[in-house]
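Computed from a predicted structure; not experimentally measured.
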Amino acid sequence: MLAAMEQVLSLPGLDMKDDFFTMGGHSLLAARLATLLSREFQITLPLRTLFEAPTAERLAVAVEALQGTGAGEQVPLPNRPGRTSAPMTPSQERIRFMEELHPGRSVYNAPSAQRLLGEFDAARFESVLREIIRRQPALRTSMGTDPRTGEPVQSIAQFVDFSLPVIDLRELPADQREAELAEQMQELADRPIDIHRAPMAHAALFKLDERDHAFVFVPHHLVWDGWSFDLMQHELSALYDAAERGRPHGLPAIATTHGDYAEWLAQWMKEPVFEEQIGFWRKRFAAAPLPRLPNTDMPRRAGKSGQGGTQWIQIDLAATQRLREVARGMDVTLSMLTFGLYALTMARTIGSDAIVIANPVRGRQQPETEDVMGVFNNVLPVSLQIDMRQSLPEFMRYVKQELLTLMNYQQVPFERLMAEPGSGGQAKASGPYQSMFSFQDARDRSRRLGSLQTRQMHLMQRGATDDIGVWLMDKPSGLEGALIYNADIYLRETGAQLRERYLELLQRAADRPEASLDYIASAEGSTSAAYLRKLAADTSRSEAPAGAAAGAPKAKAALMNPEQAQLAQVWAGVVGIDVNDIRASDNFFDLGGDSLLVLRAVQQTELLLGYRVEPRRYLFESLGQIAASSAFQPVQTTGPDSIPSELQGLPAAATPPRGGLLGRAFGGWLRKG
């Protein structure tokens, strides 16, 4: 136990009573330690246990208890060497759906860039990349269709032909190279990726001088998550160093694949433990108030360009260290502190005591997945109640407990949560949360590739998958990140003022960590708070559905034919409005729908009414046009057991389909146990 803690912290000579977090541990290192101990003791060690038992002495007792009850016993992931296809996870299926709904965008590109300084061998570097592609099936994966069943699947090629483009900028005058580099890197980051060809990534090497190069790598989120960047950097470093020295690289063979994980996840969602976890979320959704959404600068329109704006965040090392000290004094991590203060920022901006912030988690709970590239991460909607009378330390203890509680139920895919009836009423416009917050500790990333020095470079992600989101990275130089906003509905100035307001709260917390929330979030003397008053949610508008349900009079909707009425019933349930408020001339997006809700509407239309609707038609056509279309394609049906319980009381034109655009992919996990 102690040896594992020393290994993760790189601190020999620890005592059994030394606190993991006091000695420099953080959430990412805790996840690594949990994985290491899970593998060593053949258990599943919850991340929460490390926060509750942060010393080797207490952790040993906790591990022994798990072994004694058998509750933590871990079933290894399947390993199918040479697999050429795999089911998609719900996360992948949703992203693929969005890509087909809005083709030709770069919203799900995940760009990165680094400077490489030193004596560089381009051929050696290219061979290293080829070896990584050979080792990691995610880089040989594309999105395909099973020829036997027609189901969407991941297709894994046994071999991918790859060559690294080299762009030589040395012919330009020295004072023009940096500007040209920035322009060409951004063009590569913005270039759409063909999801039907592997590798699903763009890459290029730019040569600025004999000892100065830049490497750009832009994978697609369908096969990539934040942890994959760390793995990429680790393998680049190990392989390039070994190639320079003429030695074996020593990296272990990959013990499983993302395809194996996807197969396991599909089976796990049929198990009793899944029902236990989804039961927790059902109760949580039932108790949560309807989130208020911030006002927007521009009205939402049908469809979404995917264009986002970026406001960079940079907090110097001294200020970051001060925030770290404040967090330690409250017995929380820096990631928890910055999360809590962001939740407070958004709650005060919206003007609500209830806030829901989406928080991505690594999702790599099985030790075998630790070294596997792919998209394993999940999203947890964290619902908080803000009491402005609390002190910041009291509030942070509350935030910590909420986050640790959710860690026990993090395996349920976010997309599956959105299928819950309780989430439907909340899934308005931007989904069941008002903003996204992501934090990653990057202090341990290698800054060398063999003899080369490396330096991360800023590369803008111009796409926005959420209305408002913040990501932060903890680096040796301090905190860096960005506030990203949906440029379809928010102005650049709004994004800039929201960033300033968040930084303002961070500064106040650093200056007066014992202060009340009322002081920390005070608008007095804040120009950003004054500007952001326009975002405060319209209470009467956000609570209109509740008032309507209480019996407020409504305008009489125009009569619909049976086909229109059936489709309107589906739309009303998905968007969370009264069916009497829907007319045949209404567009799904004008009623409050979005691309995530389109996914649910298409799936439920197939299950309930027995016909397919091309998803992109939802962007431009009215309910009447869709219902009247002669392009309906009947699907094969099964018995009534396949109908989700919340739909069983509605009239049906046909029994539910087994197949269909999304029914095949989602039908199994949409059913209620």
Side-chain angles (χ1 to χ4, degrees), residues 98 102 105-109 186 189-190 291-314 338-339 341-352 354-360 379 381 426-438 458-472 481-506 521 523 526-539 541-542 589-598 619:
M98 303 311 173
H102 305 289
R105 304 188 309 176
S106 60
V107 173
Y108 291 103
N109 288 12
Q186 193 62 55
D190 295 338
R292 297 179 189 172
L293 296 177
N295 292 329
T296 60
D297 293 320
M298 287 87 75
R300 296 180 187 275
R301 302 185 183 278
K304 184 177 178 182
S305 73
Q307 288 298 306
T310 301
Q311 293 290 333
W312 292 108
I313 294 173
Q314 191 150 15
T338 51
F339 173 87
L341 288 168
Y342 181 66
L344 180 60
T345 302
M346 288 302 301
R348 290 296 86 198
T349 298
I350 294 171
S352 172
I355 189 74
V356 184
I357 304 293
N359 188 215
V379 175
Q426 298 185 50
K428 295 275 206 165
S430 66
Y433 55 84
Q434 291 104 323
S435 188
M436 175 81 74
F437 180 88
S438 175
H458 281 307
L459 193 53
M460 187 178 297
Q461 162 57 284
R462 292 184 176 174
T465 57
D466 295 286
D467 284 355
I468 302 170
V470 162
W471 60 267
L472 291 177
L483 185 143
I484 299 175
Y485 57 91
N486 178 357
D488 289 345
I489 57 175
Y490 288 115
L491 298 171
R492 178 184 180 85
E493 182 64 15
T494 299
Q497 293 299 323
L498 192 53
R499 175 198 60 191
E500 290 306 309
R501 182 62 173 154
Y502 178 43
L503 292 174
E504 195 170 76
L505 266 65
L506 289 171
S526 171
T527 56
S528 58
Y531 176 92
L532 294 171
R533 286 192 186 118
K534 65 178 184 174
L535 298 188
D538 183 339
T539 303
R541 182 182 63 182
S542 64
F589 285 86
D590 291 339
L591 292 171
D594 70 357
S595 50
L596 178 59
L597 297 183
V598 165
L619 287 173

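The shortest distance between side-chain heavy atoms of Leu483 and Leu498 falls below 4.5 Å. A heavy-atom distance below 4.5 Å is found between the side chains of Leu491 and Met298. Counting heavy atoms from C-beta outward, Ser435 and Tyr342 have side chains that approach closer than 4.5 Å. Residues Arg499 and Ile313 have side chains in contact (heavy-atom distance under 4.5 Å, counting atoms from C-beta outward). By the 4.5 Å heavy-atom criterion applied to side chains, Asn359 and Met436 are not counted as neighbours. In this structure, the side chains of Tyr485 and Gln311 come closer than 4.5 Å at one or more pairs of heavy atoms. Taking the side chain as every heavy atom from C-beta outward, Ile468 and Asn486 never approach each other to under 4.5 Å. At a threshold of 4.5 Å between non-hydrogen side-chain atoms, the residues Asp467 and Tyr490 count as touching.
Atom OG1 in Thr345 sits 7.0 Å away from atom CG in Leu506 (nearest 0.5 Å). Interatomic distance, CG of Leu505 versus CE of Met346, reported as 12.0 Å (0.5 Å rounding). Going from atom CZ of Arg533 over to atom OG of Ser526 covers 8.5 Å, rounded to the nearest 0.5 Å. Atoms OG1 and CG, on Thr494 and Asp297 in that order, are 3.5 Å from each other to the nearest 0.5 Å. Expressed to the nearest 0.5 Å, how far CG of Leu293 lies from CD1 of Ile350 amounts to 7.0 Å.
Listed by chain and number, the residues in a side-chain hydrogen bond (donor to acceptor under 3.5 Å, both in side chains) with Asp190 are Gln186, Arg462 (sequence neighbours excluded). For the side-chain contact (heavy atoms from CB on, under 4.5 Å) test, residues two or more places apart in sequence or in another chain that qualify with Thr310 are Trp312, Met460, Ala482, Ile484. Take Ala354 and apply the side-chain contact (heavy atoms from CB on, under 4.5 Å) test, not counting sequence neighbours, and it matches Pro289, Ser352, Gln385.
Side-chain polar atoms of Tyr502 and Ser528 form no donor-acceptor pair below 3.5 angstrom. There is a side-chain donor-acceptor pair under 3.5 Å between Tyr433 and Asp466.
For the pair Pro299 and Ile489, the tightest heavy-atom approach, listed with the atom from each and the gap, is O-CG2, 4.3 Å. Between Ala523 and Ala529 the shortest heavy-atom distance is CB-CB, 3.7 Å.
Of the possible donor and acceptor atoms, none in the side chain of Gln434 sits under 3.5 Å from a partner among the backbone N and O of Ile357.
Exactly one residue among Arg501, Glu500, Glu493 makes a side chain to side chain donor-acceptor pair (under 3.5 Å) with Gln497. That residue is Glu493.
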